[in-house]
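In what follows, a single structure is set out as structure tokens and then discussed.
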2 protein chains.
Amino acid sequence: MSESPIEDFIQTMGLMWSADGGPRIAGQIMGYLLLEGEPRTLAQMCDALQISKGSASTNARLLEAKGLARRVHPVGSRQDAFLAVPHPGPSMLKTVALRLRRQADEISRISAQFPEDEGAAQQRVVDFAEFYRKSADFMDEWTARIESDRGDDPKEN
Amino acid sequence: MSESPIEDFIQTMGLMWSADGGPRIAGQIMGYLLLEGEPRTLAQMCDALQISKGSASTNARLLEAKGLARRVHPVGSRQDAFLAVPHPGPSMLKTVALRLRRQADEISRISAQFPEDEGAAQQRVVDFAEFYRKSADFMDEWTARIESDRGDDPKEN
DNA sequence: CAGTTTGTTCATTTTGTATTGAACGGAAGC
DNA sequence: GCTTCCGTTCAATACAAAATGAACAAACTG
């Protein structure tokens, strides 16, 4: 069974997404919306990707929460529709940076409670957390660079 | 059952690792090696973390492959031992950059096969891949900055 | 206001992956 | 050369997360 490049792309997006630890269907929806370029309803996703209504709803909202898709209400239609946001890069980076900062904070918080005779271990752990924090800072810096390069209005968080 | 901050740290490292889509035990080993600061054998990991010999072997080699731990052979001992590398940041970043580049390459390869009447979709997909590639470039740039800041010899890849 | 249509939720099933534990192979010791 | 000690591999198991589909709630229609 040979596949068209279009189908192949959708499938690959799903695999990449799951390789990054997320639900495969979210990646497939992302690929589908990218290809279509215009708003698509949950029913259309179900039809195109052969998935259940529940999965379409859950994963589309996941993309929405991550800032990769936007929900729109076409006038005259009772159905919600989702649209791939034009330049998802900054949103993706902000999500990663947020997670890194939370992890850094938690590591710092725990290591602060180490007993006094573990000073050397504590220092290594603090260094480790510091790297996480700097990573987050660096991603923010990069995000700013991307947005200014394009002259985007940063109204979307 | 209350936990010491030390145990809490190991456990938290495991949870973070699995939240990022990896094996929990790999994170626990990483935390353990960070705390100890000196080479530790597989048997010691099994004892400290209450895990099987197979898991210790598999996950320690995973850390080694990612450049976060180094295998050493203490003279006079028949056992391998693993040591947390002092500054794992660059290795982690290189791993991420490599994955991003592979994903960008695969997306580009697939989109190049799109039929001619899908030009607009192709453009959107190419833009998407381009973001992945730029991300990888940016991480490399950052890696270089970190290494030069510290004056490290970059003998380790 | 009864009847549709649509999105969400959630218990259940399915699927994928981590973990184990036993078997294997190689190297060092005696 | 036989035995012992390690590390690795792999089939079986356990576990966690994803996907489903039916039930529910809300909003619109006529």
Side-chain angles (χ1 to χ4, degrees), chain A residues 7 10-33 39-66 68-83 95 99, chain B residues 10-33 39-66 68-83 99:
Chain A
E7 289 166 6
I10 290 178
Q11 192 174 334
T12 298
M13 285 290 289
L15 289 175
M16 285 181 176
W17 208 268
S18 78
D20 285 353
R24 175 181 48 207
I25 288 185
Q28 292 178 348
I29 292 177
M30 188 68 216
Y32 174 66
L33 293 180
R40 289 291 178 257
T41 66
L42 293 179
Q44 287 174 316
M45 299 176 198
C46 292
D47 186 50
L49 304 176
Q50 304 277 42
I51 58 178
S52 71
K53 193 167 58 153
S55 286
S57 172
T58 300
N59 288 287
R61 270 180 306 131
L62 175 64
L63 293 177
E64 188 186 20
K66 293 209 172 194
L68 302 182
R70 180 170 299 158
R71 192 191 299 244
V72 294
H73 285 273
V75 291
S77 168
R78 288 168 62 179
Q79 306 181 64
D80 294 358
F82 290 84
L83 173 69
T95 301
R99 195 181 59 204
Chain B
I10 290 178
Q11 192 174 335
T12 299
M13 285 291 289
L15 289 175
M16 285 181 177
W17 209 270
S18 78
D20 286 354
R24 174 183 47 206
I25 288 186
Q28 292 179 348
I29 293 178
M30 187 67 216
Y32 174 65
L33 294 180
R40 289 292 178 257
T41 66
L42 293 179
Q44 286 174 315
M45 299 177 198
C46 292
D47 186 50
L49 304 176
Q50 303 278 40
I51 58 178
S52 71
K53 193 166 59 154
S55 285
S57 172
T58 300
N59 288 288
R61 271 181 304 129
L62 176 64
L63 292 178
E64 188 186 20
K66 294 209 170 191
L68 302 182
R70 180 170 301 158
R71 190 191 300 245
V72 294
H73 285 275
V75 290
S77 168
R78 287 167 65 180
Q79 308 181 63
D80 295 358
F82 290 84
L83 173 70
R99 194 181 62 206

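Note on naming: letters A, B, ... go to the chains in the order of the sequence lines (proteins, then strands), and numbering restarts at 1 for each one.
Among the candidates A:Leu33, A:Leu49, A:Leu15, the single residue satisfying the side chain to side chain contact (heavy atoms under 4.5 Å, CB included) test with A:Gln28 is A:Leu49.
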Evaluation steps, side chain to side chain contact (heavy atoms under 4.5 Å, CB included), between B:Leu63 and B:Ile29: CA-CA 9 Å; B:Leu63 292 178; B:Ile29 293 178; 3.6 Å; yes
Go through the steps to decide whether A:Arg70 and A:Phe82 satisfy the test side chain to side chain contact (heavy atoms under 4.5 Å, CB included), and finish with yes or no. CA-CA 5 Å; A:Arg70 180 170 299 158; A:Phe82 290 84; over 6 Å; no
Please determine whether side chain to side chain contact (heavy atoms under 4.5 Å, CB included) holds for the pair B:Lys66 and B:Glu64, giving the CA-CA distance in whole Å, both sets of side-chain angles, and the decisive distance to 0.1 Å. CA-CA 5 Å; B:Lys66 294 209 170 191; B:Glu64 188 186 20; over 6 Å; no
One pair to check against side chain to side chain contact (heavy atoms under 4.5 Å, CB included): B:Tyr32 and B:Arg40. What are the steps and the verdict? CA-CA 9 Å; B:Tyr32 174 65; B:Arg40 289 292 178 257; 3.4 Å; yes
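Chain B approaches DNA chain D within less than 4.0 angstrom (heavy atoms of the protein), and the contacting nucleotides run 5' to 3' from D:dT4 to D:dT9.
The overall bend of the helix from C:dC1-D:dG30 to C:dC30-D:dG1, read as the angle between its terminal helix axes built from five base pairs each, is 10° when rounded to 10 degrees.
The shortest side-chain heavy-atom distance between A:Glu7 and A:Ile10 does not fall under the 4.5 Å cut-off. Using a 4.5 Å heavy-atom cutoff, the side chains of A:Gln79 and A:Gln44 are not in contact.
Pairs passing the salt bridge (Lys or Arg N to Asp or Glu O under 4.0 Å) check and including a residue from residues 13-23 of chain A, sequence neighbours excluded, read A:Asp20-B:Arg99. Screening residues 43-56 of chain B for salt bridge (Lys or Arg N to Asp or Glu O under 4.0 Å), with sequence neighbours left out, gives no hits.
When the C1' atom of C:dT6 is taken as reference, atom NE2 of A:His73 falls 11 Å away, rounded to whole Å.
Looking at residues two or more places apart in sequence or on another chain, you find no side-chain contact (heavy atoms from CB on, under 4.5 Å) involving A:Arg78.
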Could you write nucleotides 9-28 of chain C as a row of B, S and -, 5' to 3', where a protein heavy atom under 4.0 Å of any base atom gives B, of only sugar-phosphate atoms gives S, and otherwise -? B---------SB------BS
